[in-house]
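These notes concern the structure reproduced below.
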Amino acid sequence: MKEIRRKQMAQFIAVRQSATMEELCSKFNVSINTVRTDVAYLVSTGAVEKVYGGVRIVQHRQVPLFTQRAAMHTQLKRRIAQQAVQLIQPHDRIFIDAGTTAMHLIDLLPPDKEITVVTDSLYVMSRAAEKPGVELLVLPGRLNRRTNAVADGGTLEYLSRYQFSKAFMGASGISVDGKLNVSGYMEYEIKKRALEQSQEAFVLADGSKFGQAGLMSYGTLAQMRALITERQVPEEIEQYCREHQVQLLQVD
């Protein structure tokens, strides 16, 4: 019960960006002492920080706008996505996250390939109409223009209904110890949930992501079937993949 309340509290703060202690007491129908204990725990996780009279979401390294990120390394991202799209089989049930590399999967997918796609990406939603073989299931939520994805507590509830044969994931950074990093709480929750509900998962990332830290890590490379990336990969990442039997698929 306590763990569920704390997760719901973190989601509430993430959507609102901030909340007073009184608002948290009222929302979750608990005492001020309980709220103080829960807030202390959330602060220790790095999800929120205390401010006068309440808490706010931690503003970590600012992620560039979706339009800026989408325009970076575009050809390389498409080559990585082309490698990934070959892994999709007819009748797969796949999750495509809102990363600017994974989104290219929908463009490169053969129009007649019959699969089910679940996504939080507005780009994937808009392009899926051109693929008659795709049964599209759209996650609900509030649009975040910085990520071009929908995300709120309802998104997670809806996502929990599905199981995937494959998930195609992105990350804002990949640490040398294999952690897959993101810069926001709701992004963390959505990616973590999708990963948990997938039989196989693949992370798509160009070289700019290696060595980048993040606010939270939704998983590790060890949980992935493969890392799909460019030819130049740091030695530490190559060694990690070998030790954890993660397939390394590289494109020129």
Side-chain angles (χ1 to χ4, degrees), residues 1-66 69 95 97-99 118-125 137-164 167 169-173 179-198 213-219:
M1 184 67 179
K2 178 172 64 177
E3 289 75 15
I4 294 173
R5 185 183 65 249
R6 287 175 174 176
K7 177 175 285 190
Q8 292 173 342
M9 190 176 292
Q11 292 172 4
F12 177 76
I13 299 167
V15 171
R16 293 276 302 274
Q17 296 295 298
S18 65
T20 67
M21 303 297 274
E22 290 74 15
E23 286 173 334
L24 295 175
C25 288
S26 175
K27 173 67 178 177
F28 296 97
N29 194 28
V30 292
S31 70
I32 187 66
N33 287 334
T34 297
V35 165
R36 285 174 180 150
T37 302
D38 289 347
V39 164
Y41 169 79
L42 294 177
V43 169
S44 73
T45 69
V48 304
E49 60 185 355
K50 291 191 71 175
V51 295
Y52 182 75
V55 291
R56 67 184 178 191
I57 198 73
V58 170
Q59 298 298 327
H60 200 66
R61 179 177 64 89
Q62 190 79 315
V63 175
L65 286 168
F66 170 83
R69 291 183 291 112
F95 175 81
D97 87 353
V118 179
T119 188
D120 60 337
S121 166
L122 187 62
Y123 181 89
V124 174
M125 296 174 197
L137 300 177
V138 175
L139 296 177
R142 178 183 301 176
L143 177 64
N144 182 332
R145 287 180 171 80
R146 182 162 293 282
T147 62
N148 207 41
V150 294
D152 62 22
T155 313
L156 287 172
E157 181 182 355
Y158 203 81
L159 180 58
S160 299
R161 304 176 186 180
Y162 299 108
Q163 299 291 323
F164 309 109
M169 315 291 292
S172 58
K179 290 181 180 177
L180 302 171
N181 301 316
V182 293
S183 58
Y185 181 78
M186 288 307 301
E187 185 182 13
Y188 157 82
E189 285 284 7
I190 290 170
K191 290 180 187 291
K192 184 172 181 290
R193 187 72 54 85
L195 179 58
E196 291 170 347
Q197 294 176 205
S198 302
L215 173 63
M216 296 177 170
S217 58
Y218 71 87

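Positions are given from 1, in the same order as the sequence printed here.
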Inset, instruction - I would like to know whether V55 and L42 meet side chain to side chain contact (heavy atoms under 4.5 Å, CB included); could you show each step before the answer? - result: CA-CA 10 Å; V55 291; L42 294 177; over 6 Å; no

Legend entry - Test log, rule side chain to side chain contact (heavy atoms under 4.5 Å, CB included), inputs Y218 and M169: CA-CA 11 Å; Y218 71 87; M169 315 291 292; 3.4 Å; yes

Which heavy-atom pair separates [X] from [Y] by the least distance, and what is that distance?
X	Y	result
A167	S198	CB-OG, 3.1 Å
V138	Y158	O-CE2, 3.7 Å
I190	L159	O-CD2, 3.6 Å

Inset, instruction - Using the six-membered ring of F28, assess whether NZ or CZ of R5 lies under 6.0 Å from its centre and within 45 degrees of the ring axis. - result: no

Inset, instruction - Apply the test side chain to side chain contact (heavy atoms under 4.5 Å, CB included) to residues F95 and L139: give CA-CA distance (whole Å), side-chain angles for both, the deciding distance (0.1 Å), then the verdict. - result: CA-CA 11 Å; F95 175 81; L139 296 177; 4.1 Å; yes

Legend entry - T37 vs K2, side chain to side chain contact (heavy atoms under 4.5 Å, CB included): CA-CA, chis, key distance, verdict: CA-CA 10 Å; T37 302; K2 178 172 64 177; over 6 Å; no

Rounded to the nearest 0.5 Å, how far does [atom2] of [Y] lie from [atom1] of [X]?
X	Y	atom1	atom2	value
E196	K192	CD	NZ	4.0 Å
M9	L24	CE	CG	5.0 Å
E189	D152	CD	CG	12.5 Å
L143	N148	CG	CG	6.0 Å
Q8	I13	CD	CD1	12.0 Å
D120	M186	CG	CE	9.5 Å

Inset, instruction - Report the residues that fulfil side chain to side chain donor-acceptor pair (under 3.5 Å) with N33, sequence neighbours left out, ordered by chain and then residue number. - result: R36

Donor-acceptor pair, distance only, cut-off 3.5 Å: does the side chain of [X] make one with the backbone of [Y]?
X	Y	answer
S160	L156	yes
T155	P140	yes
D97	G170	yes
S172	N181	yes
S26	E23	no

Legend entry - F12, CZ atom: more than 12 neighbouring heavy atoms under 6.0 Å: yes

